[in-house]
Amino acid sequence: MADPSGFLKHSRADGRKRPATERLADWDEVYADLPAEERSNQVREQATRCMDCGIPFCHSGSAGCPLGNLIPEWNDLVRRGDWEQASDRLHATNNFPEFTGRLCPAPCEAACVLAISPLSGGAVAIKRVEQAIADTSWEQGYVRPTQAQVSSGRRVAVVGSGPAGLAAAQQLTRAGHAVTVFERDDRLGGLLRYGIPEFKMEKKVLDRRLAQLRKEGTRFVTGCEVGVDLTVEELRSSFDAVVLAVGALRGRDDTTTPGRSLDGIHLAMEHLVPANRACEGDGAPAVDAAGKHVVIIGGGDTGADCFGTASRQGAASVLQLDQYPQPPSARDDSRSPWPVWPWILRTYPAHEEAGERKFAVAVEKFVGDSAGHVRHIQLRKVRVERDASGRRAVVPTSEEVEVLPADLVLLAIGFEGVERMRLLDDLGIELTARGTIGCGSDWQTRSPGVFVCGDAHRGASLVVWAIAEGRSVANAVDRYLTGSSDLPSPVIPNQLPLAVV
Ligand code: SF4
């Protein structure tokens, strides 16, 4: 039984960040690595704030955790200092809590009952508790390889080694299937490896989890583009089922602003991938912000990742632009009432370190030098409108044009879906109107025995959704191969329309 008045005794406290000057001088994680006892004491106090609600909105998939994480259970176990049991309950619903504890924006906290009123002192610091359980689990040896007791004799190929593919692979391996994960890159992890900056999650966190998957029996093949290096015929003849976890990496480009073709204007991933490669020891990045005036277009997570990366590379200045107005600092109930995900100003650690943000503005022209390299942007104040059919229009609200320096422009304006690839053509799979891969309620695509999960199915989304879909597809594949499945399958209440266009 939790302490129902814990939140009256203790205030919410987030983890301690390292000083900004120190963070900018290295690529290590933003949050300080506290000594185990200090971390334990602080996090137990935070877990004590949980009321063990009769209806714990935090773990509901419709507004809270898509994985159905047993949040009140492990909060109470942490409060009592039973970290091993807490680890068991956390891993019961989440293959990779050390990823979500670091990377998830925590819809559970937005849906926490203590987030209803500011008088409560704020939501339980669920994400902090989750990361502490995960890190303690590794330190104390609670995370061990789980080998299947019986082999099914069935073979499964997972294409893509991001969080969705890894979750599906781990579940299916533990169910006794022979699983091979194919990754076209030279290293495993997908976006976790080359999209997420080191300062958000150090790659050693990913590598130790991959080592666990290997010990459990999952096989990995890197540098192999399925459909090219391994043909669809070979794939079909070697495996009984295929899981597509190929992500949704087709970056949205700016096709209308004059000057887009100038040198020095890149999609966000053209900046983040080489920066992450440089951290892996692959040499100087091809797109480097050092000494440059950097302009990031797009106000979301990816833009913030570019922001922190550019600052660490030694940019002369960093400016992030958003077409939308600055959100309020607290939830506006008329617009996004509890427990839904609130429209509020999200200030990332990168924004506290350096640079500037501007809202309700848009670039009307990129201006270059005589060598064809971008040097300035022309900026106008704007308003985003939608017509009766919901079509978006960006309307200038001022005649005034601001000219700002820009030697490197990064477009972080979203993703348009799955990349075109021969694999899909040869499997006879067409993309939906949203650029994703459709499937039935059994997660099977139009191509028999071929399943899909993660961003490839959902469109670019959160790491927690990727893991949830990976676990669900594993249940479906296990059922397909054996007729039934004991693998858990998160309830995914807003599973997307699955029509194949
Ligand atoms: Fe605890 Fe908040 Fe979940 Fe209630 S909603 S059980 S207070 S974490």
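Remember, it's 1-based here, ligands and their atoms both numbered in the order they're listed.
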- Message: Can you confirm whether or not the ring centre of Tyr480 sits under 6.0 Å from the ring centre of Phe451?
- Response: yes
- Which residue owns the protein heavy atom closest to atom 3 (Fe) of ligand 1, what's the atom, and how far is it? Cys58 SG, 2.3 Å
- Query: Nearest protein heavy atom to atom 7 (S) of ligand 1, by residue and atom, and its distance?
  - Reply: Met51 N, 3.5 Å
- Item | Sidechain N-carboxylate O distance under 4.0 Å for Lys17, Glu353 | no
- Going by the atom numbers of ligand 1, which of them fall below 4.0 Å from some non-hydrogen atom of Ile126? 8 (S)
- Tell me: protein heavy atom nearest atom 2 (Fe) of ligand 1, and distance? Cys112 SG, 2.4 Å
- So, Asn94 versus Thr100: side-chain donor-acceptor pair below 3.5 Å or not? yes
- Note on the structure: of all protein heavy atoms, closest to atom 5 (S) of ligand 1 is Val113 N, 3.2 Å
- Going by the order shown, which atoms of ligand 1 are within less than 4.0 Å of some heavy atom of Pro72? 6 (S)
- Item | Identity and distance of the protein heavy atom lying nearest atom 1 (Fe) of ligand 1 | Cys50 SG, 2.4 Å
- Query: Looking at atom 4 (Fe) of ligand 1, is one of the N, O or S atoms of Cys53 less than 2.8 Å from it?
  - Reply: yes
- So, does Gln212 use its side chain to make a donor-acceptor pair with the main chain of Arg144 at under 3.5 Å? yes
- Between Glu202 and Arg102, does at least one N-O distance fall below 4.0 Å, as a salt bridge requires? no
- Query: Hey, does the side chain of Trp443 reach the backbone of Gly470 with a donor-acceptor pair shorter than 3.5 angstrom?
  - Reply: no
